[in-house]
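First comes the structure, then the notes that go with it.
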Amino acid sequence: MKFIKKNKWSLLASFLLPLVLMAIILAITGIYWGSSRSILAGDAYHQYVAIHSLYRNILHSGGSQGFLYTFTSGLGLNLYAFSAYYMGSFLMPFTFFFNVHNMPDALYLLTLIKFGLIGLSAFISFKNMYKKLPQVVVLSLSVAFSLMSFLTSQLEIIMWLDVFILLPLIIWGLHRLMNEQKRWLYFISLLIVFIQNYYFGFMIALFLVFYFLARMTFDKWSWHKVLDFVVTSLLAGLSSLIMLLPMYLDLRANNSDALTSLSGLFTENAHLFDLFAKNFVGAYDTTQFDAIPMIYVGMVPLGLAFLFFFAKSIKRRTKFAFLGLLVLFIASFYLQALDLFWQGMHSPNMFLHRYAFLFSLLIILMALESCKRWKEFRTWHLLVVSAVFALFYLATFYFGHYHYLTTVQIILTFLFGLAYFILGLNLIHRWVSIRALIPVLFVFMVSEAGVNGLYQVQGVQKEWNFASRDYYNRQVDTLAPIAEKINALTGTTFARTDNTNPDTANDGMKYNFNTISQFSSVRNSNSSSIMRQLGFHTDSTYLNLRYPGNTLLMDALFGVKYNINQSQPEKYGFKSVSKTSPLNVLNENQEALSLGIFVPGEFVNAKFEDRDETSAILNNQTAFVDALSKTKTTLFQPFYTTSEATSDKITGTGDSVTLTRPESSTDNEVSVTYGITAPAHSQIYLSVPNISYINSNAENTLVTISNVENNKITRTLSSYYIGTNDTGRFMNLGTFSKATDLKVTLAFPENSQVSFDTTSFWSLDTQAYSQVMSTLKARSPKTQLTKNGATLQTNTSEKGEVFLSIPYDKGWSAKIDGKTVKVSKAQEGFMKVQVPAGKHTLRLSFFPNGLKTGILCFVLGIVLFITYDVLRRKSSLKKIAQKD
């Protein structure tokens with residue numbers, strides 16, 4: 001309380017200044033409460049608004065959904081392990097007061113609050129670490145910390161911001177542990193950061209080891225301090241296993257994304273003057289690929305960090321220790337092995353050098369040490385540092401070739417640098433009262449942080465584009481009522497839903513319906529690998545699992561009961577649930593199966609062909625349904641074009657075809673038209689593998705299907721766009737009860753050249769399909785969703801196995817009529833349970849693998865820490881008493 005009373009206005013300012021500055025920066029960019037431009041850029045639109053909506057939906061479910069598992073993403077998702085990376089924020093519960101319509105405002109508000117809390121945490125920590133420093137100086141550095149480029153350039157990744165609320169507290173806790181033998185703050189703050197975000201927790205843990213060793217050089221070596229640091233850190237790690245152990249077991253078992261192998265000695269796009277290039281005011285290159293580290297934390301902290309090496313009261317060994325730590329970071333930015341080491345030997349997907357914030361933190365900490373010793377510095381120290389800075393800034397400008405450095409940024413850097421040099425001389429010589437100069441310095445530093453922050457946020461806008469609120473609202477106004485209708489139709493009955501033209505791959509999370517699609521860093525690679533072999537779009541790391549671009553057969557087998565189909569042709573067996581907009585685009589699949597499929601005897605894994613060819617994928621689909629139905633079916637057949645026409649130039653080698661627009665053409669696209677005859681009783685598809693567009697900003701294909709009544713008259717049946725990079729390879733051309741002559745046109749708007757592999761047309765025999773689905777539906781047990789699980793009712797004349805289209809996870813357990821039964825892996829990525837003949841209740845329950853052990857470790861770690869702390873305090877008191 002004494003600290004609060006003494007620093008109350010600075011505490012308030014430390015919270016409000018970063019918050020207000022970010023509010024002004026966002027407002028200048030066109031973002032404010034209820035603005036037409038949302039704060040949703042990049043992953044904020046595609047992931048975080050959906051994740052916050054999911055959290056809100058769980059809260060509003062009254063506990064019926066549970067926090068351990070969800071079917072709203074990727075066929076099913078270990079939500080507990082997922083939350084270790086995405087949902088650890090203490091502020092998440094505030095989503096209760098919002099809904100999907102106004103969730104962008106929630107993210108806007110939470111972003112501002114988090115920046116304010118970062119500033120507050122920094123001030124409290126820095127002021128307690130350096131009690132004699134003036135409040136204004138500490139406040140200036142806390143603002144610089146809270147608005148460092150690492151944060152402002154990546155503010156859309158809202159889950160990262162919480163780490164920086166805790167980071168100053170961890171450092172303060174470490175100082176207390178070393179200087180005062182007080183361990184609680186360090187233990188609690190480190191434990192929380194491990195639980196909230198294990199990824200950044202790993203980087204922070206590495207830094208703490210190096211920083212502790214560097215700080216040990218200030219005084220005599222003390223094994224007691226080493227013991228305190230090691231034991232407290234390890235016990236915090238032990239307690240954090242309540243989150244880390246289930247997460248680790250999930251990643252090890254279900255995520256096959258291997259460690260990154262070294263491809264060379266140096267990191268990509270690294271150049272000599274990178275560090276100074278990114279210390280120009282407002283420097284922003286990219287947060288995508290080929291980025292160089294976001295290390296800017298202010299010119300004054302950087303200058304003070306250099307002055308650290310001129311302080312007489314700092315021992316030479318300490319200077320070498322901190323120099324070594326700086327060199328380690330700089331080497332890490334350039335050497336690929338060290339760069340990967342900080343990031344767990346896994347190369348990030350964009351947002352490179354994710355440990356760069358630790359370099360900025362080190363600069364701030366060294367600056368604080370220099371401020372503590374300001375009286376030791378002389379004019380020549382300031383001149384040397386200024387000359388070195390000027391030399392490197394000039395060299396960067398003349399020899400660096402950094403295209404993103406503008407004339408305005410160079411002028412701003414020069415003017416701020418000149419101002420700081422003059423202020424520094426005045427502070428050394430005291431030509432003007434220090435009390436008058438420090439507030440001026442404060443104004444300059446806050447202004448510099450604000451200007452730099454503005455450049456960073458505007459860089460995000462140019463590169464990622466903060467999504468239009470009108471666009472967001474149009475999607476919500478269309479999809480939210482449909483999701484409500486789906487939930488009203490299904491209740492607790494299991495059903496999956498997917499959108500043929502999704503807004504994002506996480507629409508299920510966002511709107512609260514069960515889905516196949518997923519886009520996240522935490523995913524089940526084993527099941528996604530099987531889905532790839534069955535024709536669903538994934539990438540090499542299985543970061544994505546996309547629904548669009550597959551066949552009716554996959555819809556049925558994976559329980560896709562509903563389609564949101566706003567533009568594509570009608571699909572066989574799908575019936576519209578309403579004629580009223582927007583529900584008229586919701587179609588119900590009459591052939592959809594449930595979560596489980598009973599297989600008489602034993603389910604034997606189908607043998608899949610691991611070839612990236614359309615025929616192989618369809619063979620896999622047929623083999624899969626045969627394994628489930630215990631039959632031999634012929635469902636898919638190729639058929640061929642009757643004509644092919646284009647006004648563009650056709651070239652190509654092997655299986656590849658290239659369309660090039662003639663120079664004389666006035667069209668803004670290339671196109672090709674195929675004549676075909678759709679077989680009777682068929683659902684037909686066109687496969688166009690590996691489309692390559694010359695215009696990377698227009699990677700869409702317009703598919704037009706026309707009925708040919710005679711040689712002169714054609715009637716357009718359907719026309720729709722498809723983003724082929726995020727879909728499977730099957731373009732839906734519609735269903736036909738009788739043989740029909742058609743023309744199919746593929747147009748590639750705003751592209752003068754497009755290449756693709758050989759096209760092929762395929763038909764699904766709807767009569768054979770209906771027959772096999774009738775067999776499987778009769779064996780598909782009714783399924784009700786329960787909290788973190790499901791209940792299936794089986795009624796069979798013989799024993800067998802229930803195949804479950806749930807990604808395999810060791811956290812699943814099963815009981816039949818109350819008796820525990822084994823859950824086995826099926827088809828390398830899914831599950832099956834053996835059931836006896838007759839009528840039975842199969843209950844599936846999910847409890848994360850390792851959580852029970854993690855809870856024990858959590859309790860044990862806290863008990864051991866309390867015991868250790870009490871014993872160490874008693875030992876210290878005994879030593880004091882003996883001295884007295």
Check: Thr622 side chain, Leu618 main-chain N or O, donor-acceptor pair, under 3.5 Å: yes
Lys/Arg N to Asp/Glu carboxylate O, Asp612 vs Arg729, below 4.0 Å: yes
His840 side chain reached by Val835 side chain, heavy atoms, under 4.5 Å: no
Short side-chain to backbone donor-acceptor contact, Gln683 and Gly734, under 3.5 Å: yes
Under 3.5 Å side-chain donor-acceptor pair for Gln793 and Thr841: yes
Closest non-hydrogen atom pair, Ala814 against Leu844: CB-CD2, 3.8 Å
Aromatic plane relationship, Tyr471 with Tyr45 - under 30° parallel, 30 to 60° tilted, over 60° perpendicular: tilted
Within 6.0 angstrom of Glu750 CD, more than 12 heavy atoms from elsewhere: no
Neighbour count above 12 (heavy atom, 6.0 Å) for Lys485 NZ: no
Flag, side chain of Asn620 to backbone of Gln533, donor-acceptor distance under 3.5 Å: yes
Intermediate values then yes/no, side-chain contact (heavy atoms from CB on, under 4.5 Å), Lys782 and Thr493: CA-CA 8 Å; Lys782 292 182 179 179; Thr493 303; over 6 Å; no
Arg523 side chain vs Thr541 backbone, donor-acceptor pair below 3.5 Å: yes
Glu798 CD: over 12 foreign heavy atoms closer than 6.0 Å: yes
Test item: Ser774 side-chain N/O and Ser770 main-chain N/O as donor-acceptor pair under 3.5 Å: no
Working for side-chain contact (heavy atoms from CB on, under 4.5 Å), residues Asp507 and Thr515: CA-CA 8 Å; Asp507 284 352; Thr515 184; over 6 Å; no
Check ion pair Lys561-Asp498 (N to O, under 4.0 angstrom): no
Heavy-atom closest pair, residues Val823 and Met831: CG1-SD, 3.6 Å
Asn584: partners by side chain to side chain contact (heavy atoms under 4.5 Å, CB included), with sequence neighbours left out: Ser581
Close side-chain approach of Thr794 to Val802, heavy-atom, < 4.5 Å: yes
Heavy-atom check, side chain of Leu557 versus side chain of Leu776, under 4.5 Å: yes
Closest approach of Leu77 to Val522 (non-hydrogen atoms, all atoms of both residues): CD1-O, 3.9 Å
Exercise: identify the closest heavy-atom pair between Asp503 and His46: O-CE1, 4.5 Å
Donor-acceptor contact below 3.5 Å, side chain Ser53 vs main chain Val49: yes
Residue pair Val672 / Leu659, side-chain heavy-atom distance below 4.5 Å: yes
Side-chain donor or acceptor of Asn524 paired with backbone N/O of Asn526 under 3.5 Å: yes
Working for side-chain contact (heavy atoms from CB on, under 4.5 Å), residues Leu75 and Met531: CA-CA 10 Å; Leu75 295 167; Met531 299 297 277; 3.8 Å; yes
Option from Thr660, Thr658, Ile691 for which side-chain contact (heavy atoms from CB on, under 4.5 Å) with Val754 holds: Ile691
Side chain to side chain, Val744 and Leu733, heavy atoms closer than 4.5 Å: yes
Thr673/Thr745 under side-chain hydrogen bond (donor to acceptor under 3.5 Å, both in side chains): CA gap, chis, key distance, verdict: CA-CA 4 Å; Thr673 298; Thr745 299; 2.9 Å; yes
Ser687: which of Thr758, Asp757, Thr614, Thr759 passes side chain to side chain donor-acceptor pair (under 3.5 Å): Thr614
Over 12 non-hydrogen atoms of neighbours within 6.0 angstrom of NZ in Lys799: no
Plane angle bin for Phe558 and Phe830 - parallel if under 30°, tilted between 30 and 60°, otherwise perpendicular: tilted
Can you give each donor-acceptor pair under 3.5 Å made by side-chain atoms of residues 594-606, sequence neighbours left out, with the distance rounded to 0.1 Å?
residue	atom	partner	partner atom	Å
Ser594	OG	Pro781	O	3.2
Ser594	OG	Thr783	OG1	2.6
Asn605	OD1	Gln827	N	2.7

Side chain Thr633, main chain Leu635, donor-acceptor under 3.5 Å: no
Output side-chain donor-acceptor pairs under 3.5 Å for residues 697-705, partner residues at least two apart or in another chain, one line each.
residue	atom	partner	partner atom	Å
Glu699	OE1	Asn725	ND2	2.3
Thr701	OG1	Tyr693	OH	2.8
Thr704	OG1	Ser719	OG	3.1

Non-neighbouring partners of Phe846 that pass ring pair (Phe, Tyr, Trp, His ring centres under 6.0 Å), sequence neighbours left out: Tyr69, Trp812
Pairwise side-chain hydrogen bond (donor to acceptor under 3.5 Å, both in side chains) hits with a residue in residues 543-554, at least two apart: Asp539-Asn544, Asn544-Arg546, Tyr547-Asp555, Tyr547-Asn563, Tyr547-Lys571, Asn550-Gln621, Thr551-Gln621
Minimum heavy-atom distance Lys649-Thr651, with the two atoms named: CE-CG2, 3.7 Å
Backbone of Ala467 reached by a side-chain donor or acceptor of Asn465 within 3.5 Å: no
Residues that Thr72 engages under side chain to side chain contact (heavy atoms under 4.5 Å, CB included), provided they are two or more places apart: Leu54, Thr70, Met509, Asn512, Asn514
Distance-only donor-acceptor check, side chains Asn619 and Glu609, under 3.5 Å: yes
Tyr674 and Phe761 aromatic ring geometry - parallel, tilted or perpendicular at 30°/60° bounds: perpendicular
Sidechain-backbone polar pair: Asn732 side chain, Pro569 backbone, donor-acceptor under 3.5 Å: yes
Taking every non-hydrogen atom, the tightest pair across Gln65 and Ser61: N-OG, 3.3 Å
Pair Tyr562 and Phe513, ring centroids less than 6.0 Å apart: no
From Ser521, Ser73, Ser520, residue fulfilling side-chain contact (heavy atoms from CB on, under 4.5 Å) relative to Phe82: Ser520
Test log, rule side-chain contact (heavy atoms from CB on, under 4.5 Å), inputs Asn565 and Phe574: CA-CA 10 Å; Asn565 187 0; Phe574 280 80; over 6 Å; no
Arg779 side chain to Ser629 side chain, donor-acceptor N/O pair below 3.5 angstrom: no
Check ion pair Glu801-Lys832 (N to O, under 4.0 angstrom): yes
Atom pair CD1 (Ile676) and CG (Leu686), whose distance is rounded to the nearest 0.5 Å: 8.0 Å
Residues Ser682 and Ser763: side-chain donor-acceptor under 3.5 angstrom: no
Ile516 side chain near Val560 side chain, heavy-atom distance below 4.5 Å: yes
